[in-house]
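When reading the values below, keep in mind they use all heavy atoms of this one structure, side chains included, and skip hydrogens, waters and symmetry mates. Only a predicted model underlies this, so the values are computations on that prediction, with no experimental measurement involved. Every number for a ligand or one of its atoms is a count from 1 in the order of the listing.
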Amino acid sequence: MLEGKNVNLRVVEKEDLPLLVEWFNDLEFWGEHEFSGQSSRTEIEKEVEKSSFEMKDFIVEKKDGSKIGWVCHFYMLHPGGKLLEIGYALVPNERGKGYCTEATEIMVDYLFLLKETMRIQAHTGVRNIASQKVLEKAGFKKEGTMRKGCFIRGKWGDGYLYSILREEWKEPKILTKTTSSN
Ligand SMILES: CC(C)(COP(=O)(O)OP(=O)(O)OC[C@H]1O[C@@H](n2cnc3c(N)ncnc32)[C@H](O)[C@@H]1OP(=O)(O)O)[C@@H](O)C(=O)NCCC(=O)NCCS
């Protein structure tokens with residue numbers, strides 16, 4: 001368990017699968033700026049089973065244990081797993097309360113504290129202002145525009161690529177104690 005002030009991140013377990021199936025097949029969960037396909041329970045289960053040092057899915061939980069969203073990290077560019085990407089989404093009625101910013105800060109602390117990560121990146125549609133604010137508040141820098149980098153609801157659109165480097169992170173913002181989990 002990665003403990004924050006208002007939310008915790010907990011590695012996805014088998015009993016979370018029905019909820020993930022519900023969320024991942026719900027257009028509202030992905031919002032208007034994010035790719036949203038349909039996935040079977042078997043497909044989601046296989047993805048979760050692939051969980052490894054470089055790729056892992058977490059449930060975002062409030063302090064009362066209610067499940068409000070999902071955050072993941074996965075390997076993108078480098079076979080040594082030192083360059084990682086993150087993704088996230090929250091249920092609509094829990095947005096705009098700072099929870100995703102905190103979840104992202106926890107994930108960044110975790111990936112720099114417990115792994116030899118050099119760079120964490122994220123990409124977002126140019127119209128996804130909420131996601132851009134989350135990344136900027138969590139210390140990410142906008143690197144540039146990915147031309148026609150996003151396919152959302154039948155249309156190709158531009159995206160922004162963001163990243164944070166280990167030397168820009170400097171020290172943990174949220175995680176003051178760490179677990180031995182990977
Ligand atoms: C992107 C997302 C995860 C942000 O989560 P969140 O918990 O609402 O984020 P936070 O509350 O931590 O911060 C959001 C910031 O964006 C702002 N914001 C929220 N919705 C907004 C909107 N529609 N337009 C402009 N700004 C918005 C908030 O006011 C806040 O800024 P502030 O701190 O300056 O007030 C959430 O909107 C979501 O789940 N969207 C659908 C999935 C998605 O797009 N995922 C991102 C993939 S790149």
Side-chain angles (χ1 to χ4, degrees), residues 2-12 16 19-39 44 47-48 55-77 83-111 117 119-164 169 172-175:
L2 303 173
E3 291 185 32
K5 294 181 184 104
N6 301 297
V7 293
N8 299 328
L9 305 191
R10 182 178 54 69
V11 174
V12 166
D16 299 312
L19 189 59
L20 287 185
V21 172
E22 187 188 317
W23 284 349
F24 288 4
N25 288 298
D26 179 0
L27 291 182
E28 294 299 314
F29 184 71
W30 296 117
E32 56 185 319
H33 306 297
E34 191 56 18
F35 171 80
S36 45
Q38 297 289 291
S39 317
I44 295 171
E47 275 305 304
V48 169
M55 293 173 56
K56 213 170 284 288
D57 294 85
F58 294 80
I59 297 285
V60 183
E61 288 184 348
K62 290 205 288 191
K63 292 293 172 176
D64 63 6
S66 52
K67 300 170 185 184
I68 60 164
W70 157 87
V71 184
C72 71
H73 68 78
F74 54 97
Y75 137 88
M76 260 323 260
L77 302 162
L83 311 179
L84 298 174
E85 177 146 348
I86 60 166
Y88 42 73
L90 290 195
V91 295
N93 62 351
E94 296 290 358
R95 292 178 192 162
K97 301 176 184 174
Y99 294 144
C100 191
T101 300
E102 189 179 333
T104 302
E105 287 171 348
I106 294 171
M107 184 57 78
V108 167
D109 284 352
Y110 167 68
L111 294 176
T117 310
R119 164 195 162 93
I120 305 167
Q121 70 174 47
H123 70 272
T124 177
V126 293
R127 290 172 51 239
N128 197 345
I129 307 298
S131 184
Q132 290 162 37
K133 282 193 170 179
V134 164
L135 293 168
E136 283 161 13
K137 285 193 288 182
F140 284 70
K141 293 201 167 107
K142 192 193 286 179
E143 289 193 336
T145 305
M146 299 164 62
R147 296 177 302 152
K148 301 292 178 201
C150 303
F151 186 71
I152 299 158
R153 309 245 176 142
K155 286 192 189 139
W156 286 102
D158 294 346
Y160 291 137
L161 180 64
Y162 278 84
S163 69
I164 181 167
W169 167 71
K173 271 190 176 169
I174 309 253
L175 287 187

Open item on the list: Within the 4.0 Å heavy-atom shell around Phe29, which atoms of ligand 1 are there?
Closed with: 41 (C), 42 (C)
Open item on the list: Tell me the protein heavy atom at minimum distance from atom 5 (O) of ligand 1, and give that distance in Å.
Closed with: Cys100 CB, 3.1 Å
- [ ] Taking atom 31 (O) of ligand 1 as the reference point, report whether a protein heavy atom occurs under 4.0 Å from it.
- [x] yes
Open item on the list: So for Lys97, does at least one of its heavy atoms come nearer than 4.0 angstrom to any atom of ligand 1?
Closed with: yes
Task: Lys97 side chain to Asn93 backbone, donor-acceptor under 3.5 Å - done: yes
Task: Exercise check, heavy-atom protein proximity under 4.0 Å to atom 39 (O) of ligand 1 - done: yes
Open item on the list: Minimum distance, heavy atoms only, to atom 11 (O) of ligand 1: which one of Gly69, Gly125, Ala103, Gly98 is it?
Closed with: Gly98
Task: Smallest separation among heavy atoms of Ile164 and Ala138, with atom names - done: CD1-O, 3.9 Å
Task: Gln132 touching ligand 1 at heavy-atom level, < 4.0 angstrom - done: no
TODO: Any atoms of ligand 1 less than 4.0 Å from a non-hydrogen atom of Asn128? List them with their elements.
DONE: 43 (C), 44 (O), 46 (C)
TODO: Assess Gly87 for proximity to ligand 1: is some non-hydrogen atom of it under 4.0 Å away?
DONE: no
Open item on the list: Taking atom CZ as the centre, does Arg153 end up with more than 12 heavy-atom neighbours from other residues, nucleotides or ligands that are less than 6.0 angstrom away?
Closed with: yes
Task: Test item: protein heavy atom less than 4.0 Å from atom 23 (N) of ligand 1 - done: no
TODO: Compute whether any side-chain donor of one residue and acceptor of the other, for Asn8 and Lys63, lie under 3.5 angstrom apart.
DONE: yes
- [ ] Could you list the residues that satisfy ring pair (Phe, Tyr, Trp, His ring centres under 6.0 Å) with Tyr162, not counting sequence neighbours?
- [x] none
Task: Polar side chain donor-acceptor pair, Ser163 to Glu143, under 3.5 angstrom - done: yes
Task: Identity and separation of the nearest protein heavy atom to atom 17 (C) of ligand 1 - done: Lys133 CD, 3.8 Å
TODO: Check ligand 1 against Ile129 and write out every atom of the ligand that is under 4.0 Å from a heavy-atom position of the residue.
DONE: 25 (C), 26 (N)
Task: Protein heavy atom under 4.0 Å of atom 3 (C) of ligand 1 - done: yes
TODO: Enumerate the atoms of ligand 1 whose separation from the nearest heavy atom of Trp30 is less than 4.0 angstrom.
DONE: 41 (C), 42 (C), 43 (C), 44 (O)
TODO: Identify which of Ala89, Gly159, Ala130, Ala122 has a heavy atom lying nearest to atom 18 (N) of ligand 1.
DONE: Ala130
- [ ] Determine which pairs satisfy ring pair (Phe, Tyr, Trp, His ring centres under 6.0 Å) with at least one residue from residues 125-144, sequence neighbours left out, and list them in order.
- [x] none
- [ ] Report the nearest protein non-hydrogen atom to atom 36 (C) of ligand 1: residue, atom name, distance rounded to 0.1 Å.
- [x] Arg95 CD, 3.5 Å
- [ ] Can you pull out the closest protein heavy atom to atom 45 (N) of ligand 1? Residue, atom name and distance to 0.1 Å, please.
- [x] Tyr88 O, 2.9 Å
Open item on the list: I'd like to know if His123 contacts ligand 1, where contact means a heavy-atom distance under 4.0 Å to any ligand atom.
Closed with: yes
Open item on the list: Show the nearest heavy-atom pair for residues Ala103 and Val60, with the distance to one decimal.
Closed with: CB-CG2, 4.2 Å
TODO: List the steps and the verdict of side-chain contact (heavy atoms from CB on, under 4.5 Å) for Tyr110 and Leu9.
DONE: CA-CA 10 Å; Tyr110 167 68; Leu9 305 191; over 6 Å; no
Task: atom 9 (O) of ligand 1 - nearest protein heavy atom and its distance - done: Val134 CG2, 3.5 Å
Open item on the list: More than 12 heavy atoms of other residues, nucleotides or ligands under 6.0 Å from NZ of Lys141: yes or no?
Closed with: no
Task: Leu111 versus Thr117, closest heavy-atom pair with distance - done: O-OG1, 2.7 Å
Task: Heavy-atom pair of closest approach, residues Trp30 and Phe24 - done: NE1-O, 3.0 Å
Open item on the list: Using every non-hydrogen atom in the two residues, find where Asp109 and Ile174 come nearest and quote the distance to one decimal.
Closed with: OD2-N, 2.6 Å
Task: Residue Lys137 vicinity, atoms of ligand 1 by number, heavy atom under 4.0 Å - done: 13 (O), 30 (C), 31 (O), 32 (P), 33 (O)
Open item on the list: Out of all atoms in ligand 1, which are within 4.0 Å of some heavy atom of Gly96? Include the element for each.
Closed with: 6 (P), 7 (O), 8 (O), 11 (O)
Open item on the list: Closer than 4.0 Å to some heavy atom of Glu34 - which atoms of ligand 1 meet that?
Closed with: 47 (C), 48 (S)
- [ ] Specify the protein heavy atom at minimum distance from atom 12 (O) of ligand 1: its residue, its atom name, and the distance to 0.1 Å.
- [x] Thr101 OG1, 2.6 Å
- [ ] Determine the minimum heavy-atom distance between Lys148 and Asp158, stating which atoms define it.
- [x] N-OD1, 2.8 Å
